[in-house]
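Notes to accompany the following structure.
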Amino acid sequence: MKGLCILGATGSIGVSTLDVISRHPDKYKVVALTANTNIEALYQQCLVYLPRYAVVVDKEKAVILAQKLANTAIQVLSGTAALEKVASLDEVDSVMAAIVGAAGLLPSLAAANTGKTILLANKEALVMSGDIFMQAVTDSGATLLPIDSEHNAIFQCMPSAYKTGEPSKQVRRILLTASGGPFRETPVEELENVTPEQAIAHPKWNMGRKISVDSATMMNKGLELIEACLLFNMPSDSIQVVIHKQSIIHSMVDYLDGSVLAQMGNPDMRTPIAHAMAYPERFDSGVTPLDIFEVAQMDFEKPNLQRFPCLRLAIEAVNIGGIMPTVLNAANEIAVDYFLNEKIKFTEIAIIIEQTMAKFSAGNADSLETILATDKQARTVAIKIINGLGR
Ligand code: NAD
Ligand code: MG
């Protein structure tokens, strides 16, 4: 039995993770579940999975949850430090990092520093901290398994040699697939007026609000390109983004001998979650088996960087390197939040990120302190730029 901590248990990935472990109660014991504010969902999960700890970041909500769980053995903790505490407990073997955004960095890093098996969904944590995160994993002997469906697919297709830290000499390039989101074919001039509801209505995946907007701008693919460079030690020009609207191939690895390995499956996050949880074995995920006759056809096209400027900005950020991916991520989090709150237009997301990046030069991202300070500064700059728009 392995002990599991789920950071972000009440979100889309957290709920899918609990669905997978319900099928394997002999393999995993839930030690800790965490949520930001949603105590109703966390309460129901606590009654079913009986974790030792339940963490609610919001202190007042934590008090309410503690009252509701008073006649159980579950300890309710609150605050951000509690997230780090539960991610590094001795009885925890694996940590599902499924908090959205930079808020997940410190708890994910705590798991990395304590040598856990990290099931990484929280791409923003890796993108913003880059080599610092990867170094923490190496130094502690932690195991990092990607949950993002594309990276999980690449992991399954990659030669095991990439784990040595050397870029693989056998691989020509990675083909990183993207659905293209809800606005793949929307006339560019109409993008200005799309609403948050339209942006979060993803054609293939049912996900949290922030990543759904990122998919609509294709910043999600930009963050994933940076994530792939870090996880697989590949230069950005060896990663080709491919729009594949059916979302059946989840990414491919193109080898020197002409072999292209692809991982396929129905678009359901329980597949990568179950892969990483059973690794190196396999177990059932509850996902409907793929019917290739029903798929019948698969299309591939190059992304249009004019339509998707956020993808261009992410490529620029990774090529500049240093703190620029941290700046990109922070500005994007602010811009998406303002868009979801109907304070800026969809097309202004990219403008705000580009203008924020222009205010920073490529400094070294050589310490956690630098990363946290840059993240904070970039948020302040992005908000200033938004305020300058006069809304
Ligand atoms: P979500 O919005 O559905 O859930 C987010 C979770 O994080 C919730 O449990 C919430 O309580 C918690 N949370 C939010 N803000 C927090 C804060 N400030 N402090 C602590 N906890 C906080 O998001 P999601 O779709 O499950 O995505 C989670 C992560 O996984 C994201 O980084 C996303 O990019 C990544 N991811 C998601 C999918 C997907 O299919 N949903 C696929 C690939 C990668
Ligand atoms: Mg993905």
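The analysis underlying the following values was restricted to heavy atoms, covering all of them including side chains, and did not include hydrogens, waters or symmetry mates.
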Note: E348-K345 ion pair, threshold 4.0 Å (strictly below):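 So E348 does not pair with K345 through a salt bridge.
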Salt-bridge criterion met for K210 and E124 (N-O under 4.0 Å):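 Salt bridge present between K210 and E124.
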Might you point out which heavy atoms bring [X] and [Y] nearest each other, and give the distance in Å?
X: V86; Y: A32; result: CB-CB, 3.7 Å
X: L225; Y: I239; result: O-CD1, 3.9 Å
X: L120; Y: F133; result: CD1-CZ, 4.4 Å
X: A153; Y: S251; result: CB-N, 3.9 Å
X: Y255; Y: C157; result: OH-O, 2.6 Å
X: K29; Y: P51; result: NZ-CA, 4.5 Å

Stepwise side-chain hydrogen bond (donor to acceptor under 3.5 Å, both in side chains) test for H151 and E227: CA-CA 8 Å; H151 305 75; E227 185 183 8; 3.3 Å; yes
Answer yes if the side chains of [X] and [Y] hold a donor-acceptor pair under 3.5 Å, and no otherwise.
X: D214; Y: N332; answer: yes
X: N152; Y: E150; answer: no
X: D139; Y: Q135; answer: yes
X: Q377; Y: D375; answer: no
X: T288; Y: N266; answer: no

Under a 3.5 Å distance rule, please check whether [X] uses its side chain to pair with a backbone N or O of [Y] as donor and acceptor.
X: K2; Y: S94; value: no
X: S16; Y: M269; value: no
X: T326; Y: M128; value: yes
X: N364; Y: D366; value: no
X: N329; Y: P325; value: no
X: N341; Y: K343; value: no
X: T177; Y: I249; value: yes
X: T138; Y: M134; value: yes
X: K221; Y: L176; value: no
X: R172; Y: L256; value: yes

Side chains of [X] and [Y] in contact at under 4.5 Å (non-hydrogen atoms):
X: V327; Y: M324; answer: yes
X: V127; Y: V318; answer: no
X: V241; Y: L311; answer: yes
X: M252; Y: L261; answer: no
X: M219; Y: L223; answer: yes
X: C310; Y: I349; answer: yes
X: H202; Y: I211; answer: no
X: L175; Y: I154; answer: no

With the 4.5 Å side-chain cut-off for hydrophobic clustering, are [X] and [Y] part of the same group?
X: V15; Y: W205; result: no
X: F308; Y: L313; result: yes
X: L368; Y: L144; result: yes

Side chain to side chain contact (heavy atoms under 4.5 Å, CB included) between I352 and I386, worked out: CA-CA 7 Å; I352 287 151; I386 293 171; 3.5 Å; yes
Test log, rule side chain to side chain contact (heavy atoms under 4.5 Å, CB included), inputs Q198 and T195: CA-CA 5 Å; Q198 289 171 311; T195 63; 3.3 Å; yes
Please report the interatomic distance [atom1]([X]) to [atom2]([Y]), rounded to the nearest 0.5 Å.
X: F155; Y: D148; atom1: CZ; atom2: CG; value: 14.0 Å
X: I323; Y: T370; atom1: CD1; atom2: OG1; value: 8.5 Å
X: M298; Y: I292; atom1: CE; atom2: CD1; value: 8.0 Å

Residues in ring pair (Phe, Tyr, Trp, His ring centres under 6.0 Å) contact with F346, at least two apart in sequence or another chain: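 So F346 forms a ring pair (Phe, Tyr, Trp, His ring centres under 6.0 Å) with F183, F339.
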Test log, rule salt bridge (Lys or Arg N to Asp or Glu O under 4.0 Å), inputs R312 and E354: CA-CA 10 Å; R312 168 179 60 80; E354 184 151 30; 3.3 Å; yes
When you look at [atom1] of [X], are more than 12 heavy atoms from neighbouring residues, nucleotides or ligands closer to it than 6.0 Å?
X: E294; atom1: CD; result: no
X: D257; atom1: CG; result: yes
X: R52; atom1: CZ; result: no

Stepwise side chain to side chain contact (heavy atoms under 4.5 Å, CB included) test for L7 and N122: CA-CA 9 Å; L7 301 168; N122 181 202; over 6 Å; no
Evaluation steps, side-chain hydrogen bond (donor to acceptor under 3.5 Å, both in side chains), between S236 and N319: CA-CA 7 Å; S236 64; N319 289 340; 2.5 Å; yes
Chi angles and distances behind the side-chain hydrogen bond (donor to acceptor under 3.5 Å, both in side chains) call for K123, N220: CA-CA 9 Å; K123 66 193 88 185; N220 184 48; 2.6 Å; yes
Criterion side chain to side chain contact (heavy atoms under 4.5 Å, CB included) on L4 and V31, from CA distance to verdict: CA-CA 5 Å; L4 179 70; V31 177; 6.0 Å; no
Could you list the donor-acceptor pairs under 3.5 angstrom formed by side chains in residues 95-112, with sequence neighbours left out?
residue: S108; atom: OG; partner: G104; partner atom: O; Å: 2.7

Test log, rule side-chain hydrogen bond (donor to acceptor under 3.5 Å, both in side chains), inputs S215 and S212: CA-CA 5 Å; S215 298; S212 297; 5.9 Å; no
Aromatic plane relationship, H244 with F300 - under 30° parallel, 30 to 60° tilted, over 60° perpendicular: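 Rings of F300 and H244: parallel, as their planes differ by under 30°.
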Aromatic ring pairing F283/H24, orientation class (parallel under 30°, perpendicular over 60°, tilted between):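 Ring orientation, 0 to 90° scale: parallel.
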Counterpart residues, side-chain hydrogen bond (donor to acceptor under 3.5 Å, both in side chains), relative to S22 (two or more places apart):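 S22: side-chain hydrogen bond (donor to acceptor under 3.5 Å, both in side chains) contacts with Y49.
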R270/D19 under salt bridge (Lys or Arg N to Asp or Glu O under 4.0 Å): CA gap, chis, key distance, verdict: CA-CA 8 Å; R270 290 176 302 172; D19 181 279; 3.1 Å; yes
